[in-house]
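All values derive from a computational prediction rather than experimental measurement. Just follow the structure's listing: the first ligand is 1, and inside any ligand the first atom is 1.
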Amino acid sequence: MAMKVTYSCSATMQQDVACRVIMVSAQQWPDLALSLSPWSDDGMLSALMADGEFSAKSEQTLMLHAAGNPPRLMLVGLGDEDKITKRVYRAAASLAVQQLRQRQLSSWVFDLHLFCADTVVDVADCLFDGALLELYRFERYKSADPTAACSNAADIELCCAFGAIAVNVLPVLQQRLNQRQIVSTGVCLARDLVNEPSNVKTPIYLAQTAWQLAQDYQLTCTLLGPAELERQGFGALLAVAKGSICEPRLIVLEYKGAGDDSAPIALVGKGVTFDSGGISLKPGEGMDQMKMDMAGGAAVLATMSIIAQLQLPINVIGVVPAVENMPSGSATRPGDIVTSLSGQTIEILNTDAEGRLILADALAWVGKKSPAQIIDLATLTGACILALGHHTSAVLGNDDSLAQALCQAGEATGERLWQLPLFAEYAEQIKSQVADMKNIGGRPAGTITAAAFLQKFVGQTPWAHLDIAGTAWEEKGKPGQPSGATGFGVRLLVEYLQSR
Ligand code: BES
Ligand code: MN
Ligand code: ZN
């Protein structure tokens, strides 16, 4: 984020800002319209209400000017009180920020006086979340255009204050907002990495990023290059990397927030910096989007940096197998058989099913660290988009309570997960005539057979796999999610780890 966001909490309404923003439910609106001086004084608000121009329906906004201070009022509808959820608050804040930006207003105050003391912190947290995620733009490669309404190249400093709140709540609110800014900055880091084009974002680039994060936040970083990967027997990972002139890296970040006797939670993220398909080349149309095939890895790196800043009392190990999948004279061919790190052999029938190959070795490697749980995130299958579209990610695994806990974390952060079954029968589809398994399972249940493949490398450790193929990238842009990388999974992982 090129933009700087400063924020403050205050028990009185901040005066020196461009706009006061009030989120109001349909039930609260009639009272507010009568009592919000100076705007209600000449009956303007009740007139607005009477002719139904603004009725506080959700996604409704209204900007008013007055001779008051602040000189503008923005009303944002929350709709029916009974239907208000965290999603509604986030979306309302995103919508408000969209409007403020279009008008090039760079300071505002969220007026919280309509919320009671026991919910106001959660509400403000959601509002800040929705606002910060909406503010993100990827503009590193755009020359500055000061007239562009949505540009942050113009270096505006956004000030966002939270006013009208009980004094005793202030320190709690301040702390929550501090945490929220750390998390949002992490989400935006993940977005930056995913949006970065693949001519810049090589496996080594990801490794250097991880190294820098380790310096900044006191993490331990270990990087394995081709020679070491060869020596240890990462046959599946190396088979994917072979076709590219970019060297692969296994990136490992370790965070220690608990004693040595506490088994770490392992996070594993797919880090294919570009997925051309390899010799099983993808069609040209839309291939550019495959720069996002390291979104799982980006989510893991970002999450590691966040939990280090939040100082969570747990041990976590993050692993990102980083490779580029390219066709060339040295590339893996369909039909090649390789020996994975686990010792199991794999018949590679389609070089475009590369994610599971690199994850197989990463999962086997981290399994040797005796983790308490393994959670992997990957833009793994197009089939997942067919099943769940772009609003929900799939979760699968060998431990239903872990899957359910992740679903809950996702519900809390607005990153929805839906569990797919992983019955033993699905593994039939990846049986090979000539090796221990093959890397494709045919058309039926492509997301499940991919997970069944991964399962062969996790053993008995409680494990969950998130297929984020449909949610890592947003084509058009929606509230809180500008077009491009979404940063999906970061907030969910942080929420899950915090809840432990
Ligand atoms: N990275 C892709 C999956 C993908 C597709 C992610 C679209 C995001 C958007 C993955 O490596 C892939 O190519 N999967 C193949 C597997 C198939 C060959 C068994 C697929 O889904 O077509
Ligand atoms: Mn692929
Ligand atoms: Zn891929």
Side-chain angles (χ1 to χ4, degrees), residues 194-195 198 201 203 206 236-237 239-244 246 248 268-299 320-327 331-336 346-362 376-394 396 420 426-427 429-432 437-454 465-475 484-486 488-489:
V194 176
N195 283 326
S198 300
K201 174 182 61 186
L206 285 186
L237 185 153
V240 179
K242 263 173 70 177
S244 170
C246 296
V268 180
K270 174 177 173 182
V272 175
T273 60
F274 188 74
D275 181 13
S276 70
I279 296 296
S280 312
L281 195 64
K282 286 181 181 296
E285 188 173 320
M287 198 200 272
D288 57 287
Q289 203 180 301
M290 281 303 122
K291 69 174 184 177
M292 59 83 125
D293 212 17
M294 36 57 75
V320 179
V323 301
E324 187 183 43
N325 187 24
M326 290 294 251
T332 291
R333 296 151 287 253
D336 285 2
I346 304 166
E347 183 186 17
I348 302 178
L349 288 177
N350 189 320
T351 64
D352 196 12
E354 85 297 340
R356 64 196 76 183
L357 295 173
I358 64 169
L359 288 171
D361 281 351
D376 81 74
L377 291 87
T379 46
L380 204 61
T381 62
C384 189
I385 309 177
L386 297 182
L388 296 172
H390 298 287
H391 304 294
T392 311
S393 301
L396 306 95
L420 297 181
Y426 290 102
Q429 284 172 241
I430 51 168
K431 281 192 170 150
S432 162
M437 70 196 84
K438 56 185 180 184
N439 77 329
I440 49 171
R443 272 178 68 81
T447 302
I448 301 178
T449 54
F453 182 95
L454 299 181
H465 157 64
L466 273 53
D467 194 329
I468 60 171
T471 48
W473 191 262
E474 165 59 34
E475 199 59 52
T486 60
F488 187 99

Asp275 OD2 and Asp352 O subtending at the Mn ion (ligand 2) (10° steps) =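 The angle at the Mn ion (ligand 2) comes to 170°, rounded to the nearest 10°.
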
If hydrogens are left out, which of Lys282, His390, Met290, Arg356 has an atom nearest to atom 8 (C) of ligand 1, that is, the closest non-hydrogen atom?
->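 Among Lys282, His390, Met290, Arg356, the closest heavy atom to atom 8 (C) of ligand 1 comes from Met290.
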
Quick one: [atom1] on [X] to [atom2] on [Y], what's the gap to the nearest 0.5 Å?
{"X": "Phe453", "Y": "Gln429", "atom1": "CZ", "atom2": "CD", "result": "14.0 Å"}
{"X": "Lys270", "Y": "Asp275", "atom1": "NZ", "atom2": "CG", "result": "5.5 Å"}
{"X": "Ser280", "Y": "Asn439", "atom1": "OG", "atom2": "CG", "result": "8.0 Å"}
{"X": "Cys246", "Y": "Met326", "atom1": "SG", "atom2": "CE", "result": "7.5 Å"}
{"X": "Leu466", "Y": "Thr379", "atom1": "CG", "atom2": "OG1", "result": "12.0 Å"}
{"X": "Asn325", "Y": "Ser244", "atom1": "CG", "atom2": "OG", "result": "9.0 Å"}

For ligand 1, which atoms sit closer than 4.0 Å to a heavy atom of [X]?
{"X": "Asp293", "value": "1 (N), 11 (O)"}
{"X": "Lys270", "value": "1 (N), 10 (C), 11 (O)"}
{"X": "Ile385", "value": "7 (C), 9 (C)"}
{"X": "Glu354", "value": "11 (O)"}

Side-chain donor-acceptor contact under 3.5 Å, Thr447 with Thr381 = yes

Under the criterion side chain to side chain contact (heavy atoms under 4.5 Å, CB included), which of Ile279, Leu357, Val240 is the partner of Ile348?
-> Leu357

Before accepting this row, confirm whether a basic side-chain N of the pair Glu324/Lys201 lies closer than 4.0 Å to the acidic partner's carboxylate O.
->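 Looking at Glu324 and Lys201, the cut-off is not met.
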
Which residue supplies the protein heavy atom nearest to [atom], what is that atom called, and how far is it?
{"atom": "atom 18 (C) of ligand 1", "result": "Asn350 ND2, 3.5 Å"}
{"atom": "atom 14 (N) of ligand 1", "result": "Leu380 O, 3.4 Å"}
{"atom": "atom 12 (C) of ligand 1", "result": "Asp352 O, 3.2 Å"}
{"atom": "atom 21 (O) of ligand 1", "result": "Gly382 N, 2.7 Å"}
{"atom": "atom 19 (C) of ligand 1", "result": "Ile440 CG2, 3.4 Å"}
{"atom": "atom 2 (C) of ligand 1", "result": "Asp275 OD2, 3.6 Å"}

Specify the closest pair of heavy atoms between Pro321 and Gly269, including all atoms of both residues, with the distance to one decimal.
-> CD-O, 3.2 Å

At their closest point, which heavy atom of His465 faces which heavy atom of Ala378, and how far apart are they?
-> CE1-CB, 4.3 Å

Does even one non-hydrogen atom of Met292 get within less than 4.0 Å of ligand 1?
->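 Yes, Met292 has heavy atoms under 4.0 Å from ligand 1.
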
Would you say Asp275 reaches the Zn ion (ligand 3) with an N/O/S atom under 2.8 Å?
->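 It does; at least one qualifying atom falls short of 2.8 Å.
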
In Asp293, the N, O or S atom nearest to the Zn ion (ligand 3) is which?
->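 Going by distance to the Zn ion (ligand 3), the closest N, O or S atom in Asp293 is OD2.
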
To the nearest 10°, what's the angle at the Zn ion (ligand 3) between atoms OE2 (Glu354) and NZ (Lys270)?
->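 For OE2 of Glu354 and NZ of Lys270, the angle centred on the Zn ion (ligand 3) reads 90°.
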
Do any N/O/S atoms of Glu354 come under 2.8 Å of the Mn ion (ligand 2)?
->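 An N, O or S atom of Glu354 is closer than 2.8 Å to the Mn ion (ligand 2), so yes.
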
Ignoring angles and geometry beyond distance, decide whether Gln289 reaches within less than 3.5 Å of ligand 1 through its nitrogen or oxygen atoms.
-> no

